[in-house]
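All remarks here apply to the structure that follows.
What's counted below: heavy atoms across the whole structure, side chains too, no hydrogens, waters or symmetry copies. A quick note: this is a predicted structure, and the numbers were derived from the prediction, not measured.
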Amino acid sequence: ENSFQFVDRIPEKKLPVKVKVVGLGIGGSLAVSGLRKNGIKAVVGYEKRARHGPRSVTSRFQNASWRAYDIAEKLLDEEAFQHMEEYQQKINVNYDNGTSKVMTADRVQIILGDAIDRALESAERYGADLRFDCDTKQFCKTETSSNEDIGDDVDIVAIFAGARSGQIVPGLEEEMDMHAWKDLSSDCRLWLEIKMSEKKSAYTARNVEVGAEKWHFTIESCRNTNDDIVRIRDNLISKRIWDLKKLEDAGASDEEKAQEEERYIAQMSKIEQLLGDAEERKEDGEEQRFDYIFSNAPANEHNLAKKDAAMERGNMVIDGSYSVDVQIASNSMIDSSSRESAKKMLDNFSSKVLVFGGDACVNPNPMAAYGATLACEFAAMVVHLSVAHGHINAIVNAMKNVKQADPEWIIALEELRGLFNQYYDSRGRSENYFQWMQTLICNLYSLPPQV
């Protein structure tokens with residue numbers, strides 16, 4: 001009745017399939033939760049970062065305008081989903097007769113670290129085995145590891161390890177068939193303003209300037225959880241360590257180091273003051289809301305003036321830079337039908353299938369549009385593929401225990417499993433191409449004209 005999940009009623013029994021997920025960011029965290037929710041028997045998640053604190057997987061402060069809440073509903077438990085849905089965007093429509101109407105948009109505002117935290121909590125409640133502070137040898141054979149280190153063979157390994165996933169092990173990037181255009185990289189700036197809010201309810205807004213090189217993208221929300229402020233504090237701590245190391249490596253003077261320290265102290269003071277103000281309001285019985293305003297833009301004189309203006313307003317608590325490369329992977333899946341070198345890669349991961357998703361295949365564009373949504377699309381695809389493998393495994397295992405079973409049927413089912421793999425790869429290519437086009441156009445729109 002529900003062999004390949006064509007209806008929503010899922011059997012209560014566990015499906016005989018083993019899945020490992022490498023990278024527990026926004027895509028990987030939803031995947032491990034969804035896999036357990038949809039009946040996958042053995043789910044193990046691996047993350048190189050810690051669970052909480054500075055430089056943890058949940059410390060990302062970036063805001064995102066996100067369209068994957070319909071996917072999240074299918075992959076998360078009710079508690080996590082309700083939290084994700086809380087900051088759904090509203091659009092104020094003003095009519096010619098002077099009236100107005102508030103309409104709900106098909107997007108929600110999420111802070112990536114908060115969304116990841118909620119998804120991991122959901123996965124833990126469903127019973128997923130999540131492992132943090134991991135290195136490569138715990139899920140892949142290396143020169144210093146063995147089969148015992150990575151455990152039994154599994155059906156699927158899903159890699160959601162970000163833009164440098166292809167560099168996890170030698171040769172993986174070649175098997176993904178990664179293409180890159182280094183001359184089209186875009187350098188960008190981001191900054192975050194935060195202040196106590198006068199608003200009495202949840203609020204979301206987007207502010208955009210358009211125009212070649214001059215564009216910026218701002219996402220604003222009014223929030224009421226101290227965890228979001230603590231997450232910024234964690235980022236400041238890790239950013240300070242990183243900035244001091246860069247200054248040291250560059251042979252910076254004592255004066256330059258002192259300036260960096262002074263800036264860190266000023267930003268940290270703002271955060272501590274916000275936490276104190278929020279606590280005071282809480283004690284007085286007031287709603288403790290604060291405005292969370294995240295902006296990013298190409299790095300040029302026009303946009304740096306915007307960042308400087310934000311600093312002058314006195315609410316900027318963190319700023320940074322990032323570079324967006326134009327790259328795309330031709331392959332989203334590797335299985336036994338792939339070339340011989342790919343089969344060696346499967347052996348290294350002790351898996352029948354390797355799949356990739358999110359930033360592992362294509363970088364999000366500088367406007368941060370669709371990147372988190374794409375990762376979640378791939379999370380759902382991993383769940384669907386795993387459910388298909390699980391049902392086929394159950395049927396094949398049962399047929400092998402029946403003497404009268406026709407061997408041709410078993411062969412046909414094995415071929416069907418391969419078709420599901422190819423479907424994942426085909427859909428992955430189309431999803432990646434759509435995002436790649438966005439990144440390419442956005443980067444071209446960010447770069448100065450070439451003579």
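For D249, the side chain to side chain donor-acceptor pair (under 3.5 Å) test picks out K245, with sequence neighbours left out.
At least one donor-acceptor pair under 3.5 Å links the side chain of N397 to the backbone N or O of N393. In terms of modelled atom types and a separation under 3.5 Å, the side chain of K41 and the main chain of R36 share no donor-acceptor contact. In this structure, D155 contributes its side chain and K18 its backbone to a donor-acceptor pair below 3.5 Å. Panel note: side chain E47, backbone L24; a donor-acceptor pair is recorded below 3.5 Å. Of the possible polar contacts, one joining the N443 side chain to the V324 backbone as a donor-acceptor pair under 3.5 Å is found. Remark: the backbone N or O of Q327 is not paired with any side-chain donor or acceptor of D325 at under 3.5 angstrom. Remark: side-chain polar atoms of S351 are paired, donor with acceptor, to backbone N or O of V157 under 3.5 angstrom. Here the side chain of N207 pairs no donor or acceptor atom with the backbone of T218 at under 3.5 angstrom. In this structure a side-chain-to-backbone donor-acceptor pair under 3.5 Å is present from S122 to D77. Between the side chain of N303 and the backbone N or O of E213 there is at least one donor-acceptor pair closer than 3.5 Å.
Salt bridge annotation for D243-R240: absent, with no cationic side-chain nitrogen under 4.0 angstrom from a carboxylate oxygen. Remark: D228 engages R223 in a salt bridge, criterion side-chain N to carboxylate O under 4.0 Å. Under 4.0 Å is where a charged nitrogen must lie from a carboxylate oxygen, and between R51 and E124 at least one such pair does. We find that E377 and R427 are joined by a salt bridge, their nearest charged nitrogen and carboxylate oxygen being less than 4.0 Å apart. Contact check on E260 versus R263 returns a salt bridge, with a Lys/Arg side-chain nitrogen under 4.0 Å from an Asp/Glu carboxylate oxygen. Ion pair K343/D347 not flagged as a salt bridge, since none of the NZ, NE, NH1 or NH2 atoms sits closer than 4.0 Å to an Asp/Glu carboxylate oxygen.
The 12-atom threshold is not exceeded at OH of Y423, counting heavy atoms of other residues, nucleotides or ligands nearer than 6.0 Å.
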### Message
Applying side-chain contact (heavy atoms from CB on, under 4.5 Å) to F349 and I334, what does each step give before you reach the verdict?
### Response
CA-CA 11 Å; F349 283 90; I334 298 171; over 6 Å; no

### Query
Taking it one step at a time, do R429 and D425 satisfy salt bridge (Lys or Arg N to Asp or Glu O under 4.0 Å)?
CA-CA 6 Å; R429 291 183 188 197; D425 192 36; 3.2 Å; yes

### Task
Before giving the answer on salt bridge (Lys or Arg N to Asp or Glu O under 4.0 Å), spell out for R125 and E79 the whole-Å C-alpha distance, their side-chain angles and the decisive distance to 0.1 Å.
CA-CA 10 Å; R125 287 190 286 268; E79 180 180 340; 3.8 Å; yes

### Task
Starting from the C-alpha separation in whole Å, work towards a yes-or-no answer on side-chain hydrogen bond (donor to acceptor under 3.5 Å, both in side chains) for S332 and N432.
CA-CA 9 Å; S332 298; N432 290 335; 3.2 Å; yes

### Task
Just do the side-chain contact (heavy atoms from CB on, under 4.5 Å) check on L346 and K352 with the steps written out, would you?
CA-CA 6 Å; L346 291 173; K352 297 173 184 175; over 6 Å; no

### Task
Assess whether side-chain hydrogen bond (donor to acceptor under 3.5 Å, both in side chains) is satisfied between N235 and R60, documenting all intermediate values.
CA-CA 7 Å; N235 270 274; R60 294 190 62 184; over 6 Å; no

### Task
Show your working on side-chain contact (heavy atoms from CB on, under 4.5 Å) between Y292 and I229 and close with a plain yes or no.
CA-CA 9 Å; Y292 195 102; I229 305 177; over 6 Å; no

### Worked check of side-chain contact (heavy atoms from CB on, under 4.5 Å) between K141 and V169
CA-CA 9 Å; K141 297 175 191 174; V169 294; over 6 Å; no

### Task
Could you give me the CA-CA distance, side-chain angles and deciding distance for S323 and D187, then say whether side-chain hydrogen bond (donor to acceptor under 3.5 Å, both in side chains) is met?
CA-CA 4 Å; S323 180; D187 291 327; 3.3 Å; yes

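N348 and K344 are linked by a side-chain donor-acceptor pair at a separation below 3.5 angstrom, with hydrogens and angles left out of the test. In this structure, a donor-acceptor pair under 3.5 Å is absent between the side chains of Q435 and E431.
Between M316 and L192 the shortest side-chain heavy-atom distance does not fall below 4.5 Å. Proximity of F160 to V382: side-chain heavy atoms (C-beta onward) are separated by under 4.5 Å at one or more points. The side-chain heavy atoms of K48 and D133, taken from C-beta on, include no pair separated by under 4.5 Å. Here the side chains of I318 and K239 are in contact, with some heavy-atom distance below 4.5 Å. For the pair S446 and W215, the minimum side-chain heavy-atom distance is below 4.5 Å. Under the 4.5 Å side-chain criterion, counting only non-hydrogen atoms from C-beta, D234 is not in contact with R55. With contacts defined as side-chain heavy-atom distances shorter than 4.5 Å, the pair S165/I159 qualifies. Side-chain contact check for N38 versus L15: every heavy-atom pair is 4.5 Å or farther apart.
Ring-plane geometry between W181 and W436 is classed as tilted, the angle between the planes lying from 30 to 60 degrees on a 0 to 90 degree scale.
To the nearest 0.5 Å, atoms CG (L416) and CD1 (I395) are separated by 8.5 Å. Atom OG of residue S29 and atom CD of residue E121 lie 11.0 Å apart, to the nearest 0.5 angstrom. Atom CG of D335 is separated from atom OH of Y424 by 12.5 Å, given to the nearest 0.5 angstrom. Atom CD of E220 and atom CD1 of I293 lie 4.0 Å apart (nearest 0.5 Å). Here the straight-line distance linking atom CD of E415 with atom OG of S337 works out to 11.5 Å at 0.5 Å rounding. Distance check, rounded to the nearest 0.5 Å: CG of D135 to CD1 of I168 gives 12.0 Å.
Residue L440 comes nearest to L184 through the heavy atom pair CD1-CD1, 3.5 Å, listed as atom of the first residue, atom of the second, then distance. The minimum heavy-atom distance between S386 and I156, with the atom names listed, is OG-CD1, 3.6 Å. Nearest heavy-atom pair, V387 versus I40, reported as atom, atom and distance to 0.1 Å: N-CD1, 4.0 Å. Summarising the geometry of G45 relative to V32, their closest heavy-atom pair is CA-CG1, 4.2 Å, with the distance given to 0.1 Å. Minimum interatomic distance between C376 and I71 (heavy atoms only, all atoms of both residues): O-CG2, 3.6 Å. Shown here for L190 and F61, the closest heavy-atom pair between the two residues is CD1-CZ, 3.6 Å.
Paired with K306 under the rule salt bridge (charged side-chain N to carboxylate O under 4.0 Å, His left out), one option of E312, E209, E301 passes, and it is E209.
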